[in-house]
Amino acid sequence: MDEILDAVDLLADSGLEGIVTWLVRVVGLVALLAGLGLWLFTEMGLLVVPALLVLVGLVLLVAPSVLLFAAELA
C-alpha cells in the first residue's frame, strides 16, 4: 500500500494527477457500461462476467478520489 501511495504522491508532485485521475475514471466508465451492456443486451447464461465488469467499473470510478485523499493525509 505504501508503494501505491508513493506513486500517487509522485504523480501529484509532477502535476499529472488530473490526467491520470480522469484516465482511470474513463476506463472505469467503459468497464461499467460494458458490464451493463453484456447484462442487459445479451443472453449470457453466466452473469459473473457482467457482474465483475460492473464491480471493477465502480471501483475504478471511486478509486482515484480515495487514493488522492489518502496521499494528502499521508
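Just so you know, residue 1 is the first one in the sequence shown, and it goes up from there. All values below were derived from every heavy atom in this structure, side-chain atoms included, with hydrogens, water molecules and symmetry-related copies excluded.
- Residues V30 and L33 do not share a hydrophobic cluster, clusters being chains of Ile/Leu/Val/Met/Phe/Trp/Tyr side chains in contact below 4.5 Å.
- Tracing side-chain contacts under 4.5 Å through hydrophobic residues (I, L, V, M, F, W, Y), one reaches L47 starting from V54; they form part of the same cluster.
- Follow the hydrophobic side-chain contacts under 4.5 Å out from L61 and you reach L36 in the same cluster.
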side-chain contact (heavy atoms from CB on, under 4.5 Å) assessment of V62 paired with V66: CA-CA 7 Å; V62 175; V66 173; 3.8 Å; yes
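- The two atoms that bring V24 and P64 nearest to each other are CG1-CG, 3.6 Å, heavy atoms only.
- For the side chain to side chain contact (heavy atoms under 4.5 Å, CB included) test, residues two or more places apart in sequence or in another chain that qualify with L52 are V48.
- Between P50 and G35, the shortest heavy-atom distance links the atoms CB-O, 3.4 Å.
- In terms of heavy atoms, G57 sits closest to A31 at CA-CB, 4.0 Å.
- Here V56 pairs with L60 under the side chain to side chain contact (heavy atoms under 4.5 Å, CB included) rule; sequence neighbours left out.
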